[in-house]
Structures are given as C-alpha cells and as structure tokens.
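So the structure is just underneath, and the comments pick up after that.
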Amino acid sequence: MQADVLILGAGPAGATAALNLAPDFRVLLLDRLPTPAQRIGESLPPAARRLFADMGLWEEFLGQGHAPCHGNRSLWNGAPAEQDFLRDPDGHGWHLDRARFESWLRSKAQERGAALLAPATLTALSPVAGGWQVLLETPSGAMQLQTRVVIDAGGRASALARRLGARRQRQDRLVCAWLYGREAGVGGTDGLSHIEAVPSGWWYSAALPGRRRVLALHTDADLPAARRLRQPGWLQTSALATPGLGALLQRVGFIATDEVRIAAAHSSALQPGAGPGWFAVGDAALSFDPLSSQGLFNALYTGLAAAEACHRQLHGEPTASDDYRQELARIDGAYRQHLGFCYSQESRWPDEAFWRRRQVRTAPAVRA
Ligand SMILES: Cc1cc2nc3c(=O)[nH]c(=O)nc-3n(C[C@H](O)[C@H](O)[C@H](O)COP(=O)(O)OP(=O)(O)OC[C@H]3O[C@@H](n4cnc5c(N)ncnc54)[C@H](O)[C@@H]3O)c2cc1C
C-alpha cells in the first residue's frame, strides 16, 4: 500500500492536518481509538473562528451545537474579575462537546478524501528512498505501507517523533484531576468559565452542552495535594470548600456523575518539532498548561501550518521543514511569556511551592 502522508493520531491536530492535505495527496489517518473518547479540554477561544473560516468550515462548525463561552470569571490574587469576549473582534468562544467535535473533524478529513484507519497503530518505521516504510497493527492483522511523509499527531507522548530521535522537554510537573457532573439547579448558566487560585494550584469549572459541567483542580504531581486527588470524595469536598467555586457549584446544583480522572497537564516542547520527511503537530509538538486555554487552538493551528509545510515539502521546497520549526519556536516563546505573566499576577502565596516555582520561569525556549 502506498500513501503520500501518514498521520498518526486522529485527534484535533491530526484530523486538521488530514483535512487540509487530503484534497491534494493520498492521506492515511490512523488512531488507536475506533471513535473519539470523551476527554477533558473543551474551551475553544474566539480566534478559532479564523482557522475554521480559513479551512472553509466555519458555517458547519456553527451548526454543531456547541455551547457558547462568553469569557472567564476568575478569583486570582484575591480579586474577582471578569474577562468577557464582548469586545473580541472574533466574538465569543466555545465550550465544546469534545467527542462530538473530534468525530466531526474526523468526518471532514474523510469527506475531503483521507482514509481513516481506526483502531490501528504504528509498530515500526524505517527510512527508505523517498520516504518511509511503515508497519501498522490493525484488528485484521499487520499491514505494511510506504509513505513519503509522516506526521506525529499522537498527543503528549510524541510516540512517532521519539522513534525518530526527537526528545520532549518538560517545563513543570502540572497534573489535573477532574470530574464531570450535571447541573440540577433551576438557575441557568452564564456561559463563563470559572478560574480560582488556591495555595496548592488552581481550579477550573465550565458548563458543557446538555447541562453538564466539568470541575478540575490543577496542582504539581509532587505536592501533597496531588496525593489526595484519588481519595474518594476529596475533589468534590475541596471544591465545595473553595469560596467562589463552592458558591457556584451550590448555585447550579452540581451533582457528580463520573469518577475522578487524572492526567498530565504540564508544558512541554518537542525538540526538534520537525525533520526530513516528518512533522509533529498539536500536543505532540508543544503541550500547554490548561490555564492558557490554547491547546485546541494550537492543535488546529499547527495542524494547518504543518499541512502547508508538508505541501511545500512534497513539492520540493527545501526550507519547508525549517520554516515550520521556526513557527513552533515563535509559538512557544509567545506562550511562555504569556503564561509567566498570568501566574505572576497571583502573589498571595510566595512561600507555597506551587506559586514559588511559577514566579521564576527560567527554562530556555525551544530552538528553531
Ligand atoms: C487537564 C487538561 C485540560 C485541558 N483543557 C483545555 C481547554 O480547556 N482548552 C484547550 O484548548 N485545550 C485544553 N487542553 C489541551 C487539549 O486537550 C490538547 O491540547 C489537545 O487535545 C491536543 O490535540 P492533539 O490532536 O494534538 O492531541 P490529542 O487530543 O491528544 O489526540 C491525539 C490522538 O492520537 C491518538 N494516539 C495517541 N497515540 C497513538 C498511537 N500510538 N497510535 C495511534 N493513535 C494514537 C489518540 O487516541 C488521540 O486520538 C487541556 C489539556 C488537559 C490535560
């Protein structure tokens, strides 16, 4: 079997790369999950509108019925603040039904001509003249294929890029524990995300489509709070005891419906993020602290940018890979500056390890 581009991972970044390459090239998109799972990470900033418009998907995205997000309400440094999107030229943002969003992107990639193989994964990869020889594992057995370019869109593990010698540089130890529930109260939701700093980290909560709500605590993996995350009932009890969040949860009548789940949420960057015949996109290239709410935007943006770079590379332009790496370095630099600024705005707990670590961010930025 022959392909021009093999994309490992059909999440937001991989599906975006696929749907932008499929009209011009033979694209194979593969994922270990047959259908997208319900995952944390649902806030999409208003600027995503421009990417959907560039990809010819804006009207269709609007028809998907995701919930509008009108801004953030934060309790940061003790002061309540609202940052609304009223004056944002792109309008409001979104609280997505994440599984529905990912299924939609996968289907767009297929409609534009990509072949989707799921469940499937990659078990071997070796360079050959003009590209790569790849071995895939599928439910019907092993499959061999040749491709000119490979794209790692497999998320934070960067499984494909690490096979090619790239390394991830982790900048902190942030983890997130979260819980889904429903809103049983009579009051409506105001479409704002809630963010609240506490000595051991910060809380996040947002209403989701269908009167669902997510509740999440972010802290460092080596701090005492992280050890308590798995204790039955601890997350919800702590949330209710947190002044602003507790009041919000009471008001909306939050009732937990799922078990607590925990995932890595640290900032990290792949070095390098592209090389001869390969690119990394989304979290596989750069993973962001959820405080930035930029992970999905970055997945869409780098999916599109890598598709353009891949296009150029397949047409023989020698600088395509370097240009893409420089773009990643630019994104990483801007992200770190912004994140450092956000954390520096909370100054109540200079002696708490979580906040002390974030007052000085010395890790060098990604090199192009
Ligand atoms: C706690 C938390 C909260 C977050 N909140 C937000 C938020 O509110 N807003 C926001 O914008 N971002 C948020 N993010 C970040 C956001 O979820 C990610 O940036 C986004 O999912 C990245 O998309 P991706 O396509 O690069 O990777 P992923 O979404 O991780 O997709 C990777 C895909 O690759 C597949 N895959 C992985 N390995 C293999 C393999 N070996 N073989 C085959 N398939 C494979 C997976 O099944 C998956 O479908 C959050 C992240 C965390 C951890």
Side-chain angles (χ1 to χ4, degrees), residues 11-13 16 38-52 61 66-77 81-98 101-102 105 155-156 171-172 174-178 180 189-197 201-209 212-219 244-245 248 263-269 281-283 285-304 331-346 358 361:
T16 301
Q38 192 58 261
R39 295 196 294 148
I40 180 104
E42 58 292 312
S43 286
L44 191 64
R49 173 191 184 132
R50 294 184 211 178
L51 299 180
F52 290 130
F61 171 76
H66 300 291
C69 168
H70 295 293
N72 297 318
R73 179 175 291 126
S74 60
L75 273 167
W76 206 255
N77 211 26
E82 267 184 30
Q83 185 201 10
D84 62 45
F85 295 143
L86 278 179
R87 280 175 296 279
D88 194 306
D90 294 310
H92 60 71
W94 304 91
H95 285 144
L96 303 171
D97 177 324
R98 180 73 190 260
F101 178 64
E102 291 194 20
L105 284 176
R156 286 171 173 262
Q171 290 143 34
D172 58 73
L174 194 73
V175 289
C176 173
W178 73 94
Y180 288 109
T189 179
D190 55 12
L192 296 178
S193 302
H194 180 92
I195 295 167
E196 185 165 350
W202 55 276
W203 288 94
Y204 166 83
S205 184
L208 304 176
R212 291 171 62 249
R213 177 167 282 276
V214 61
L215 171 66
L217 176 64
H218 303 75
T219 189
L245 180 60
L248 168 69
H266 55 261
S267 302
S268 64
V281 294
D283 277 13
L286 295 170
S287 68
F288 293 164
D289 184 321
L291 186 63
S292 71
S293 252
Q294 290 294 311
L296 286 170
F297 182 87
N298 183 59
L300 300 173
Y301 182 83
T302 55
L304 179 58
I331 297 169
D332 188 52
Y335 158 72
R336 287 181 195 223
Q337 205 174 11
H338 186 65
L339 187 74
F341 174 77
C342 290
Y343 275 119
S344 72
Q345 298 304 293
E346 173 56 77
R358 284 162 176 82
R361 300 183 71 83

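What you see below is based on every heavy atom in this structure, not just the backbone, and it leaves out hydrogens, waters and symmetry mates. Computed from a predicted structure; not experimentally measured.
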Taking all atoms of both residues into account, what is the closest heavy-atom pair of R213 and S205, and its distance?
NH1-OG, 2.8 Å

Which atoms form the tightest heavy-atom contact between A13 and V281, and what is the distance?
CB-CG2, 3.7 Å

Heavy-atom donor-acceptor pair, D289 side chain to L291 backbone, under 3.5 Å
yes

Heavy atoms only: give me the nearest L208-L96 pair and the separation to one decimal.
CD2-O, 4.2 Å

Parallel, tilted or perpendicular: which fits the ring planes of Y335 and F288, with parallel below 30° and perpendicular above 60°?
parallel

Which atoms form the tightest heavy-atom contact between A269 and L286, and what is the distance?
CB-CD2, 3.7 Å

Going by atom types only, do S268 and R156 share a side-chain donor-acceptor pair under 3.5 Å?
no

Which residues share a salt bridge (Lys or Arg N to Asp or Glu O under 4.0 Å) with D88, sequence neighbours left out
none

Taking the side chain as C-beta and beyond, is there a heavy-atom pair between F61 and L51 under 4.5 Å?
no

Under 3.5 Å, which donor-acceptor pairs do the side chains of residues 293-302 form with other protein atoms, sequence neighbours left out?
residue, atom, partner, partner atom, Å
Y301, OH, E327, OE2, 2.4
T302, OG1, G282, N, 2.8
T302, OG1, N298, O, 2.6

Check whether more than 12 heavy atoms from other residues, nucleotides or ligands sit under 6.0 Å from atom CD of Q345, and answer yes or no.
yes

Contact between R98 and Q38 at the side-chain level, heavy atoms closer than 4.5 Å - yes or no?
yes

Is L75 close to L245 at the side-chain level, that is, under 4.5 Å between some pair of heavy atoms?
no

How about Y204 and V214: do any of their side-chain heavy atoms sit closer than 4.5 Å?
yes

So do the side chains of S193 and H95 get within less than 4.5 Å of each other, counting heavy atoms only?
yes

From W203 atom CH2 to W178 atom CH2, the distance as rounded to the nearest 0.5 Å
13.5 Å

By side chain to side chain donor-acceptor pair (under 3.5 Å), which residues pair with E82, not counting sequence neighbours?
R73

For P290, the side chain to side chain contact (heavy atoms under 4.5 Å, CB included) test, sequence neighbours excluded, returns L174, W202, H218, A265

Do the side chains of E102 and R39 get close enough for a salt bridge, i.e. N-O under 4.0 angstrom?
yes

Restricting to non-hydrogen atoms, name the atom on D172 and the atom on S267 that form the minimum distance, rounded to 0.1 Å.
OD2-N, 3.3 Å

Minimum heavy-atom distance between P12 and L105, given as atom pair plus value:
CA-CD1, 3.8 Å

The criterion is side chain to side chain donor-acceptor pair (under 3.5 Å); which residues satisfy it with W94, sequence neighbours excluded?
none

E196: partners by salt bridge (Lys or Arg N to Asp or Glu O under 4.0 Å), with sequence neighbours left out
none

